[in-house]
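Note that these values count all heavy atoms, side chains included, but never hydrogens, waters or copies made by symmetry.
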Amino acid sequence: MKMNYIILFLFGVSLCACFEDKGNYDYRDMADITIENIPEVIEVLGNSDHIVVSPKVVSSLDGEVKEGDANFEFTYKIEKKSGGTMVAGQKWVDLNPSKTLNLDTLAAFAADTYIGWFGVTDKRSGVQTSTTFDIKVSSPTYEGWMVLCNEGEQERVRMDMISAISAERVIPAYDVLAPLGFPELRHARGIGFYPNRRANPDDVIYVMSEEGTYRLERETFKTDESWNINNVDFIIPPGDEHVVYYNTVNNNNSSEALACLCVTDAGNAYAQVLSTPGAAFEKPINTSARGEAPTYRVAPYIGVSMARPGNGKAAVFYDMDNQRFMGWKQGYVDFLMQVLNPIRDKEGALFTFKTGMDLVYMESTRYSNGLVYAILQDAGGKRCIYGINMSGNGYVPESMYKDLNAPDFDKASIFAFHSQFPYMFYAVGNKVYLHNLGTNTTYPMNSIALGEHEVVTMLKFNLYRQCSLKDLNNQSDEFMARQYELMVGSYNTDAPDNNGGKLGFYPVDGVNNSVTKRAEYDGFARIKDVVYRERR
């Protein structure tokens with residue numbers, strides 16, 4: 001009997017313990033989460049397209065989860081599929097710091113294949129469900145117009161791109177060099193481009209600034225300090241000077257140039273003769289003897305014949321100190337091409353090469369089979385134009401234009417010369433003018449309508465550099481004609497950010513002295529130079 005009481009007592013204690021323990025647990029069922037509507041692969045154009053994901057998330061207890069549901073948190077991450085780090089040693093990047101359900105973010109990543117990771121967390125239970133998908137980022141730099149800009153008051157060097165994805169899809173991409181190792185530089189000067197059809201060496205693309213000049217890797221556009229022009233193309237790196245102008249002398253074949261030439265901001269010129277094994281820039285060539293110290297400064301321009309293939313083996317420079325044109329020519333031995341020489345005047349020539357004037361601007365064209373235009377200004381501020389034909393042996397005084405009937409021409413600092421018609425375009429403020437050199441008549445380009453707060457920052461004709469571009473790539477006549485369209489870069493000084501730049505393309509009417517707008521793109525910084533990235 002006593003044993004029964006003991007058993008009954010222990011059962012009661014146990015029952016009470018069970019009731020007390022039940023209060024310490026939540027027996028709510030765990031939800032099963034399913035994720036739908038995420039594609040296996042998302043293909044985007046880097047720095048242009050957005051990575052967009054709109055998943056459908058369903059909870060077995062709550063039904064479809066909507067945006068803003070406080071019980072759930074969403075995460076998107078991206079990492080390289082091939083392994084390696086994304087940024088600063090980190091293997092992944094958070095695509096969605098705001099933790100929203102839907103994703104819409106710029107694909108600001110270098111061309112590569114990535115793994116995207118989407119996770120859903122039930123904050124009540126801490127249980128997480130996830131899925132993965134591929135993100136294929138293609139390069140916006142493969143082909144199209146490279147748009148070199150100065151950004152903001154500090155004039156940070158920035159390259160944007162108008163990417164020619166196909167004939168039907170041409171879209172802008174912005175700040176394309178930022179994620180590719182390009183250093184922080186200021187004051188862009190121009191793009192040096194030499195498309196070499198030989199497999200080795202490769203195409204040359206240089207971004208030039210007042211703080212350094214860097215070569216871009218042909219396919220990826222990646223760069224770093226090892227790609228500084230001083231480390232790539234110079235035997236002995238120059239001192240405190242930076243390459244700000246780069247051009248090539250075209251050979252009479254279509255495979256490679258005869259020589260590459262450049263000018264630095266110190267007024268020194270250099271020659272890289274490609275027939276020399278291990279060709280590189282040596283010492284300055286603005287001297288009287290090879291290897292000696294420079295004796296004068298040259299302007300940041302190099303005139304050559306732009307005929308394709310090359311029909312001239314010479315280049316023209318301008319001696320700023322002695323106000324004269326200087327010549328570079330192919331010689332029988334390489335050392336002859338490491339010195340500039342004064343161009344001799346011929347009796348009865350249209351003008352003398354020792355001008356006694358300042359050089360304002362010089363541009364190479366295909367007009368008259370290779371004419372170089374030079375705008376000169378005398379001590380009184382009056383301007384004239386010389387035309388030097390560079391075909392054959394070069395240096396033929398072909399044309400001279402004085403007493404130009406061109407309003408505000410003396411105030412202009414931005415110019416462009418056409419290669420099919422005797423036209424000079426110039427800009428003052430937000431106005432663009434066409435001057436017909438043959439008739440000495442100027443026409444305001446009213447079809448280039450810019451606003452009160454807009455200014456022209458660049459005028460240019462982008463002549464294709466490859467000799468056989470049309471035949472190699474089966475290009476259309478329309479595409480080939482675009483090298484003769486006037487490109488107008490402008491900037492809205494009233495823009496609320498640093499993206500007030502526009503680039504317009506204007507076919508030129510050689511009969512009616514006019515232009516019409518074909519296309520226009522915006523969102524750039526202050527445009528300094530534009531070069532079409534040609535493909536072989």
Side-chain angles (χ1 to χ4, degrees), residues 189-195 204-208 213 229 233-234 238 241-251 256-274 279-287 294 296-308 310-331 337-343 353 355 358-367 370-376 386-391 393-396 415-417 419 460-463 465 528-529 531:
R189 292 294 294 265
I191 299 171
F193 181 52
Y194 161 40
V204 174
I205 306 173
Y206 273 118
V207 174
M208 298 177 286
T213 291
I229 193 172
D233 275 337
F234 278 87
E241 55 187 292
H242 304 292
V243 173
V244 294
Y245 196 91
Y246 182 98
N247 207 347
T248 58
V249 179
N250 307 307
N251 214 330
E256 64 180 348
L258 174 66
C260 300
L261 306 170
C262 71
V263 178
T264 70
D265 52 5
N268 291 324
Y270 297 85
Q272 182 185 43
V273 183
L274 299 180
F281 293 120
E282 299 183 14
K283 291 189 175 182
I285 61 175
N286 46 313
T287 181
Y296 54 89
R297 296 171 303 132
V298 297
Y301 301 101
I302 304 169
V304 298
S305 166
M306 291 297 289
R308 292 293 185 270
N311 63 352
K313 298 182 178 181
V316 62
F317 292 76
Y318 196 79
D319 174 355
M320 296 188 294
D321 296 327
N322 300 294
Q323 296 178 318
R324 57 181 179 169
F325 289 101
M326 303 293 291
W328 179 98
K329 275 192 176 184
Q330 181 186 29
M337 293 181 275
Q338 294 297 329
V339 175
L340 296 181
N341 292 290
I343 303 174
F353 287 106
T355 69
D358 292 329
L359 180 71
V360 177
Y361 178 76
M362 188 159 66
E363 181 176 343
S364 306
T365 75
R366 291 184 191 145
Y367 190 77
L371 198 67
V372 170
Y373 289 101
I375 299 176
L376 298 154
Y386 285 6
I388 306 172
N389 196 303
M390 299 296 294
S391 61
N393 291 323
Y395 317 135
V396 176
F415 312 91
F417 288 87
S419 282
K460 187 175 182 179
F461 294 99
N462 181 88
L463 299 177
R465 304 302 299 257
K528 181 65 176 179
D529 193 14
V531 172

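What you find for Tyr246 and Phe281 is that their closest heavy atoms are CE1-CZ, 4.2 Å. Nearest heavy atom pair, residue Leu274 against residue Ala257, reads CD1-O, 3.3 Å. Here the closest non-hydrogen pair linking Lys329 and Ala314 is CG-CB, 3.7 Å. Contact detail for Ala269 and Asn286: the closest heavy-atom pair is N-OD1, 3.1 Å. When all heavy atoms of Leu359 and Ala374 are compared, the closest pair comes out as CD1-CB, 3.9 Å. The nearest pair of heavy atoms linking Leu340 to Val298 is CD1-CG1, 4.2 Å.
Put simply, the side chain of Gln330 does not reach to within 4.5 Å of the side chain of Val249, judged on heavy atoms. The shortest distance between side-chain heavy atoms of Val316 and Met362 falls below 4.5 Å.
Within a 6.0 Å sphere centred on NZ of Lys283, heavy atoms belonging to other residues, nucleotides or ligands number 12 at most.
Not counting sequence neighbours, the partners of Tyr318 by the side-chain hydrogen bond (donor to acceptor under 3.5 Å, both in side chains) test are Thr355. The side-chain hydrogen bond (donor to acceptor under 3.5 Å, both in side chains) test applied to Thr213 returns no partner, not counting sequence neighbours. For Gln338, there are no side-chain hydrogen bond (donor to acceptor under 3.5 Å, both in side chains) partners at least two apart in sequence or on another chain.
Between Phe234 and Tyr270, the ring planes are perpendicular. Angles over 60° get that label, and only those under 30° would be called parallel.
When each of Tyr296, Phe317, Phe353 is tested with Arg324 by the rule side chain to side chain contact (heavy atoms under 4.5 Å, CB included), just one qualifies, namely Tyr296. Applying ring pair (Phe, Tyr, Trp, His ring centres under 6.0 Å) to Tyr301 and the options Phe325, Phe415, Tyr361 leaves one that passes, Tyr361.
Without hydrogens or angle criteria, Arg297 side chain to Ala266 main chain gives no donor-acceptor distance under 3.5 Å. Side-chain atoms of Arg366 come within 3.5 Å of backbone atoms of Met306 as a donor-acceptor pair (strictly under, hydrogens ignored). Asp529 contributes a side-chain N or O that, together with a main-chain N or O of Ile191, makes up a donor-acceptor pair within less than 3.5 Å. Under the 3.5 Å distance criterion, the side-chain polar atoms of Glu363 are left unmatched by any main-chain donor or acceptor of Tyr373. In this structure, the side chain of Glu241 does not engage the main chain of Thr264 through any donor-acceptor pair within 3.5 Å. In this structure, Tyr395 contributes its side chain and Ala315 its backbone to a donor-acceptor pair below 3.5 Å. The backbone N or O of Leu261 lies less than 3.5 Å from no partner atom in the side chain of Asn247, so there is not a single donor-acceptor pair. Judged by distance alone, with hydrogens and angles left aside, the side-chain atoms of Thr365 form a donor-acceptor pair with the main-chain N or O of Leu371 at under 3.5 Å.
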Item checked: Verdict with supporting geometry, Phe417 and Ile375, side-chain contact (heavy atoms from CB on, under 4.5 Å) -> CA-CA 11 Å; Phe417 288 87; Ile375 299 176; 4.0 Å; yes

Check: What's the verdict on side-chain contact (heavy atoms from CB on, under 4.5 Å) for Arg189 and Val243, showing C-alpha distance, side-chain angles and the deciding distance?
Finding: CA-CA 9 Å; Arg189 292 294 294 265; Val243 173; over 6 Å; no

Item checked: Val204/Cys260 under side-chain contact (heavy atoms from CB on, under 4.5 Å): CA gap, chis, key distance, verdict -> CA-CA 10 Å; Val204 174; Cys260 300; 5.9 Å; no

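The OH atom of Tyr367 lies 11.0 Å from the CG atom of Asn389; values are rounded to the nearest 0.5 Å.
Defined by atom type and a distance below 3.5 Å, a donor-acceptor pair is present between the side-chain atoms of Tyr206 and Asp233.
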